[in-house]
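Written out below as structure tokens is the structure these notes cover.
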Amino acid sequence: MGRPWKLHKRYDVYVLHLIRNGESCLYSNLNRKASDDAKPARLFKSLTMGIHWTMANLSASLFGRLYPERYHLLHYESLIAKPAQSVRGIFKWLQLNPTEVVELLQSEQDIPLAHQLSGNRIRHQQGLRLKTPPPRPLEDIYAERWCFRLAAWPILKAFGY
């Protein structure tokens, strides 16, 4: 949550703020981590996820307000819908040439991974393809969404969700 601030004390930090619709994150987490939990536990987890999602995005956003030249916001949904355009935006912000990466994305090959952060499941994959996720039946988690929104609605709205 406060990683940009901790790292900024010692390093020249740039923040790529990749934000995903909080309700999609909620759906994914509930189905992966709380699928067998009783309803009260799911509601509590939904509320705490809303708080964590809000705090993480507030932290990154505040960093961007204080250091706008070192901050780039990208919606996950935009990355999935238009990966080449999104990558061009990132590379322009970093003042790098995106040609090789854009060609890789347009060829629809797997993206080689070098991500080694602990706790991230993607680090165990050999390659990655950006693809539109299947539609989520959010009506199945109606009460959980309201608990999530209780904590997250101002930030959901601020980021256009």
Side-chain angles (χ1 to χ4, degrees), residues 1-33 45-106 110-125 127-136 138 141 144-145 147-161:
M1 201 164 8
R3 286 186 191 122
W5 302 103
K6 292 173 187 170
L7 293 170
H8 181 66
K9 291 177 182 178
R10 299 188 77 192
Y11 303 102
D12 193 19
V13 174
Y14 286 76
V15 173
L16 172 60
H17 184 183
L18 180 64
I19 187 169
R20 182 178 180 201
N21 183 338
E23 291 183 354
S24 294
C25 295
L26 171 68
Y27 181 88
S28 179
N29 277 301
L30 287 177
N31 284 319
R32 192 175 71 245
K33 296 179 183 175
K45 284 182 181 180
S46 299
L47 180 63
T48 58
M49 279 188 240
I51 293 167
H52 291 176
W53 184 88
T54 297
M55 296 307 294
N57 288 296
L58 275 176
S59 177
S61 183
L62 180 60
F63 187 91
R65 290 203 183 248
L66 294 175
Y67 305 99
E69 71 285 348
R70 297 178 173 279
Y71 172 86
H72 184 77
L73 173 66
L74 177 61
H75 286 259
Y76 170 82
E77 297 80 8
S78 297
L79 175 64
I80 295 301
K82 298 178 181 177
Q85 181 180 336
S86 297
V87 165
R88 281 188 191 98
I90 295 168
F91 277 63
K92 182 178 180 183
W93 166 61
L94 295 172
Q95 299 177 0
L96 298 171
N97 182 350
T99 305
E100 186 178 330
V101 176
V102 169
E103 287 174 359
L104 179 66
L105 289 170
Q106 291 174 333
D110 283 352
I111 301 166
L113 297 174
H115 188 291
Q116 293 298 316
L117 291 180
S118 176
N120 192 322
R121 291 175 296 124
I122 201 169
R123 75 184 191 280
H124 299 295
Q125 292 179 217
L128 173 71
R129 276 198 196 201
L130 297 179
K131 58 186 177 206
T132 304
R136 311 250 188 219
L138 294 177
I141 59 167
E144 291 89 340
R145 284 173 51 210
C147 285
F148 182 88
R149 287 179 187 173
L150 184 66
W153 72 266
I155 303 305
L156 284 165
K157 185 174 180 167
F159 285 105
Y161 293 113

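Nothing fancy with the numbering, it's 1 onward along the sequence.
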- Message: Can you tell me how the ring of Trp5 sits relative to the ring of His8, calling it parallel under 30°, perpendicular over 60° and tilted otherwise?
- Response: perpendicular

- Message: When you compare the side chain of His72 with that of Leu94, does any pair of heavy atoms fall below 4.5 Å?
- Response: no

- Does atom CH2 of Trp93 have more than 12 heavy-atom neighbours, drawn from other residues, nucleotides or ligands, at distances under 6.0 Å? yes

- Message: With a sphere of 6.0 Å drawn around CD of Glu100, does it hold more than 12 non-hydrogen atoms of other residues, nucleotides or ligands?
- Response: no

- Task: Locate the shortest heavy-atom distance separating Gly22 from Leu156; write the atom from each residue and the value.
- Result: N-CD2, 3.9 Å

- What is the minimum heavy-atom distance between Tyr14 and Glu69, and which atoms define it? CE2-O, 3.9 Å

Does [X] use its side chain to pair, donor to acceptor, with the backbone of [Y] at less than 3.5 Å?
X: Thr54; Y: Gly50; value: yes
X: Thr48; Y: Lys45; value: yes
X: Ser86; Y: Lys82; value: yes

- Ring centroid separation for Tyr67 and Phe63, is it under 6.0 angstrom? yes

- Task: Show the numbers, then the answer: is there a salt bridge (Lys or Arg N to Asp or Glu O under 4.0 Å) between Arg149 and Glu23?
- Result: CA-CA 8 Å; Arg149 287 179 187 173; Glu23 291 183 354; 2.4 Å; yes

- Message: Would you say His75 and Asn21 are linked by a side-chain donor-acceptor pair, where the criterion is simply a distance under 3.5 Å?
- Response: no

